Structure formats: structure tokens, C-alpha cells
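What you see below is based on every heavy atom in this structure, not just the backbone, and it leaves out hydrogens, waters and symmetry mates. Everything numeric in this text was worked out from a predicted model, so none of it was measured.
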Amino acid sequence: MPTLYVGNSYNETLVGDLSQFDPTERRIGGNLACRLVWLLGPDDVLVCPQPIADEYVDYVSRLTGVPITPDSIVVPPPGEFGQDVLTADRLRDSGFLDRLRALSVSRRFDRVVPYCYDQTIASIARHAGIGADDPSVAFCEAGGVELLNRKAVFRALCGGAGVPVAAGLVTRSVRDAVDFASSYVQSGRSLIVKQDAHIGGFGNEILAHAADVAQLGAASLTVVTDRRTVEERLRVIWPRVSSNGRDPVVLEHYLQNAVALGCELSVTDAGVTLRHTAEMRMTPVFNGLLIPPGTIPERCDAEFSRQALALADVVRAMGYRGLINVDGLVAGNGETVVLNEFNGRLGGSTHLHRIGRRFIGDDYLHRRFLLSDNDLRVASLASLLAALPRAGLAFDPALGEGVLVTCDHTAQSQAVEFCVVAQDVKAADVYEQRLRELVAETRTP
């Protein structure tokens with residue numbers, strides 16, 4: 001079943017105004033498509049915004065046993081933002097579409113799996129004749145997936161389904177936002193302000209009622225003490241969080257000292273399946289996962305799973321088919337479990353799930369823990385790949401444990417993503433500590 005994968009990880013649907021991004025952050029966001037190399041099978045093709053280093057492709061190919069050739073990875077011509085991200089102008093380029101049509105004929109793709117199945121993907125899928133008869137394509141062509149990456153829509157669907165979320169407000173009015181936020185701050189509570197279309201917590205800001213409030217799940221934190229400081233800060237950030245007035249803004253009660261959770265579900269004609277749950281590592285925004293959760297009570301994981309499945313059932317009834325990632329929070333020593341976001345797309349755990357099943361088996365959740373990190377600064381990819389086996393840290397498929405380099409960002413930020421596979425959380429922590437010590441040694445002049 002040859003598949004066309006499309007790495008449109010950062011695009012207009014998911015993150016709004018791409019011009020607001022720092023160019024380096026935008027390049028890193030686009031390069032998340034590199035993770036999809038782990039999904040490739042024989043005869044599959046990956047459309048990427050940026051070239052992937054031959055050294056990294058060879059590394060993945062050796063481990064998976066899948067022959068990944070230069071023809072397996074296609075980079076469309078540059079667009080408005082160069083090669084940073086897969087924007088619509090690049091995917092609709094006539095030369096690229098001609099090449100895609102030829103690949104579809106020669107490889108006989110029977111499905112397209114993008115990071116995000118937006119209207120652009122639906123259009124090129126029909127153009128290339130890939131999965132055009134799938135009824136869910138009509139949902140995507142009508143902009144349905146955009147709804148599933150909006151925090152305001154998320155809150156509305158949770159409300160209709162009776163799924164608990166943090167108390168909050170969705171508004172386009174600065175005045176209403178000031179009234180709502182001021183009432184919280186004046187009663188000794190903090191708020192989190194969320195950009196409607198963004199991912200990973202990067203569009204969020206915490207309005208903290210005191211200086212000792214921990215910053216988690218947001219790229220910035222500002223201490224506000226009264227209505228005046230609340231209004232001043234909201235007016236400063238409003239153009240950004242509202243995408244210059246285009247989108248509503250979400251304000252929610254900020255649950256302090258919460259554990260962030262995530263899960264991935266598969267939505268099909270047959271029903272909804274929970275693939276896995278995870279603890280999210282926040283530093284202070286999303287920076288990795290622990291699959292399955294290892295520090296929260298089982299009852300909290302079960303309640304989070306129940307809520308996510310209930311929400312996914314609503315999404316299925318809307319007509320969406322594919323993967324959806326749902327996030328939540330456990331607060332108050334496990335007394336409070338709420339959902340706080342969804343994204344109808346592939347996520348930060350999709351490739352890790354494939355790694356777990358490929359190397360450990362379908363029951364990997366009962367046999368191993370996967371601990372990932374998205375930003376390990378290294379001297380070079382070559383030096384890291386050479387050092388891992390010498391230090392006894394490289395993943396051993398026979399043992400089913402060790403360190404995998406799961407994404408190469410060295411060309412963008414001199415960093416890599418990694419995943420530790422281990423039998424328990426303590427062993428995973430030891431592997432991670434040894435890896436960080438090794439990297440520190442190799443980076444020392």
C-alpha cells in the first residue's frame with residue numbers, strides 16, 4: 001500500500017500568520033517533517049519543505065530496514081518563505097504537481113497522509129487522483145480540518161459533549177477580556193491567554209497574579225496585579241494573539257503545578273481507537289514526551305482517556321477521518337482532570353508510536369517506556385551517531401532499548417531530537433543522563 005506522506009507541519013492552517021515567526025523557529029517548525037522518515041515503507045514518498053541530510057536518511061534506513069532512496073523524498077520549489085515550510089504556493093506549483101502526478105502513476109499511491117489534511121492537501125490529492133473517493137476528503141475540502149485546530153472550536157465542542165475544560169472565555173473583545181482577566185487576578189488566580197491557531201504552547205502567555213507562579217505551557221509570563229496592568233498587557237499582546245484581529249482569543253484559568261498529558265487517537269469509519277497516552281515534558285513549552293505516563297495515578301490516565309475518546313466521537317460524527325491529538329491537564333494532586341486542546345493532524349508522538357510498534361511490537365506500551373526530547377544541542381550529527389555506539393547508548397533492536405535520534409535539526413539549530421527506549425522510567429532517566437553527559441563531552445573543545 002504505497003503512501004504519499006506530506007510534511008506540512010507548519011502552515012497557515014496550524015499556526016496562522018507565518019510572518020510573525022522568527023525565521024530560525026519557522027525553519028525548525030517546517031523541519032518537523034523530518035520525523036516522518038520513520039513512517040516510510042517501501043515505495044512510499046515523503047514531500048518535505050527542506051532537504052534531509054543523506055547521513056540521517058541512511059541512519060533511519062539502516063535501523064528500519066526500509067530502502068530510502070533520493071527519489072523517496074521530494075522538495076517542492078521555494079515559496080514565499082523560501083524552503084522553510086510547506087505553504088500552499090509551494091504545493092500548488094505547476095511543476096511540482098506534474099511531478100506528483102507522475103509519481104502517483106509510477107508508484108500507484110493509494111492514500112495520502114499529510115501532517116495536516118487541510119484544503120490544499122485535499123486539492124492536490126484530487127489532482128493526483130489519490131484517495132479521491134474517500135468521503136472524508138469532502139470534509140477536508142470544506143475546511144473541516146481547520147476547525148479541528150482551533151482552540152475556540154475545541155471549547156465549544158467540549159461544552160456540547162459535556163467534556164470538562166478549565167473555566168474560560170472566548171472573545172474578540174479586548175474589553176471583555178480585560179473584565180474577565182481582572183476578575184481572576186483580583187481574586188488571586190492566574191490566567192493563560194491562548195492564540196486560537198498555534199501549536200506547542202508557543203502562542204500562549206500566562207498572566208500571573210504573583211511572581212512565584214510557575215511558567216508551564218506558555219512561551220511567556222507576565223505578572224499583573226490589578227486591572228490597569230491587565231489591560232496594559234492585553235492591549236500589547238492583542239494584535240499577536242488575535243492574529244491582527246482575524247481570530248478570537250481564548251482566556252482560561254491557569255491551573256498551577258499541573259501535569260500536562262497528551263494522547264493520539266485514530267478516527268475511522270469503524271470507530272475511534274486510542275493509540276496511546278503520554279506525559280508531556282514542558283520547558284516551559286512542549287519539549288518531549290513520556291509514553292506511557294509514568295508519574296500520574298492510573299485513575300487520572302483512565303479519566304483523561306475517557307474524556308479524549310468522548311471528544312473524538314464528536315469529531316468522528318462531524319466527518320473527520322484520520323489521527324487526532326488531544327491534550328489535557330491533571331491538577332490538584334489528581335483531583336482535577338480536564339482537556340485543554342485538540343489538533344486534527346499527526347502529532348509529536350506519531351513517529352514514536354511507529355517506532356514502538358516497529359521495534360518492540362504492538363504491545364510496546366506494556367513492555368517499554370519511550371522518553372523523548374525535542375532540543376538536544378550537539379556538535380554535529382556525525383559526531384553524535386559515532387559516539388552513541390562507542391558509549392553503549394545506541395539503540396539495540398535485539399535488546400529493544402537504547403537511544404534513537406528521531407529528528408535532525410542540526411542544519412537549522414545545531415540540535416537533534418532523541419528518544420530513549422527503556423524497560424522502566426528510572427532506566428530511561430539513566431539513559432538520558434548518560435546521553436547528556438556524552439554530548440557535553442563531545443561539545444567540549
Side-chain angles (χ1 to χ4, degrees), residues 1-3 5 32-44 46 52-69 72-73 113 264 275-278 281 288-294 346-374 376 378 380-410 415-439 442:
M1 187 170 66
T3 299
Y5 290 96
L32 294 178
C34 177
R35 297 171 177 172
L36 303 188
V37 173
W38 292 96
L39 276 58
L40 294 179
D43 296 324
D44 291 347
L46 170 61
I52 301 175
D54 291 343
E55 185 175 26
Y56 185 71
V57 172
D58 291 344
Y59 165 75
V60 175
S61 187
R62 287 196 307 272
L63 280 166
T64 63
V66 175
I68 304 174
T69 68
S72 302
I73 298 174
V113 177
E264 187 165 75
R275 286 156 63 98
H276 54 261
T277 59
R281 308 179 80 186
L289 294 162
L290 175 62
I291 305 173
L346 308 191
S349 64
T350 305
H351 63 306
L352 302 179
H353 180 76
R354 178 66 63 88
I355 285 170
R357 293 188 63 182
R358 183 189 295 274
F359 294 116
I360 307 302
D362 292 348
D363 61 345
Y364 78 93
L365 292 170
H366 302 290
R367 298 169 56 198
R368 293 291 188 275
F369 283 87
L370 278 59
L371 181 69
S372 72
D373 184 283
N374 297 343
L376 178 68
V378 298
S380 68
L381 176 64
S383 64
L384 177 62
L385 294 182
L388 285 173
R390 289 200 302 265
L393 293 176
F395 180 76
D396 184 339
L399 294 177
E401 62 180 58
V403 176
L404 290 157
V405 180
T406 49
C407 192
D408 174 29
H409 297 298
T410 52
V416 299
E417 299 180 15
F418 69 84
C419 175
V420 171
V421 182
Q423 294 191 18
D424 54 47
V425 176
K426 183 177 180 181
D429 288 340
V430 170
Y431 265 113
E432 180 177 27
Q433 180 60 36
R434 290 179 59 198
L435 172 63
R436 294 188 182 281
E437 291 171 354
L438 175 67
V439 168
T442 58

Can you see which heavy atom on [X] is nearest to which on [Y], and at what distance?
X      : Y      : value
Leu289 : Gly348 : CD1-O, 3.7 Å
Ser72  : Pro67  : OG-O, 4.3 Å
Ile360 : Gly400 : CD1-O, 3.5 Å
Gly294 : Val425 : CA-CG2, 4.1 Å
Ala422 : Ala428 : CB-N, 3.5 Å
Tyr431 : Val420 : CB-CG1, 3.5 Å

What pairs with [X] under side-chain contact (heavy atoms from CB on, under 4.5 Å), at least two apart in sequence or on another chain?
X      : answer
Asp363 : His366, Arg367
Asp54  : none
Leu365 : His276, Ile291, Pro292

When you compare the side chain of [Y] with that of [X], does any pair of heavy atoms fall below 4.5 Å?
X      : Y      : result
Leu438 : Arg390 : no
Arg434 : Val403 : no
Thr410 : Val378 : yes
Leu384 : Leu435 : yes

How many angstroms lie between [atom1] in [X] and [atom2] in [Y], if you round to the nearest 0.5 Å?
X      : Y      : atom1 : atom2 : result
Phe395 : Thr406 : CZ    : OG1   : 12.5 Å
Thr69  : Asp43  : OG1   : CG    : 9.0 Å
Thr3   : Leu36  : OG1   : CG    : 11.5 Å
Asp44  : Ile73  : CG    : CD1   : 11.5 Å
Glu432 : Asp429 : CD    : CG    : 6.5 Å

Between [X] and [Y], is there a donor-acceptor pair closer than 3.5 Å when you use the side chain of the first and the backbone of the second?
X     : Y      : result
Ser61 : Val66  : yes
Trp38 : Arg354 : no
Tyr59 : Val405 : yes

Exercise for review: Please collect all salt bridge (Lys or Arg N to Asp or Glu O under 4.0 Å) contacts where either partner lies in residues 394-410, sequence neighbours excluded, each pair once.
Suggested key: none
Study note, to complete from the structure: Sorted by chain and number, sequence neighbours left out, salt bridge (Lys or Arg N to Asp or Glu O under 4.0 Å) with Arg368 holds for none
Only one of [options] passes side-chain contact (heavy atoms from CB on, under 4.5 Å) with [X]; say which it is.
X      : options                : answer
Arg35  : Thr350, Asn374, Leu352 : Asn374
Val57  : Ile52, Leu40, Leu46    : Ile52
His351 : Leu39, Leu346, Leu404  : Leu39

**Study point:** Residue list, side chain to side chain donor-acceptor pair (under 3.5 Å) with Asp373, at least two apart or on another chain
**Key:** Asn287, Arg436
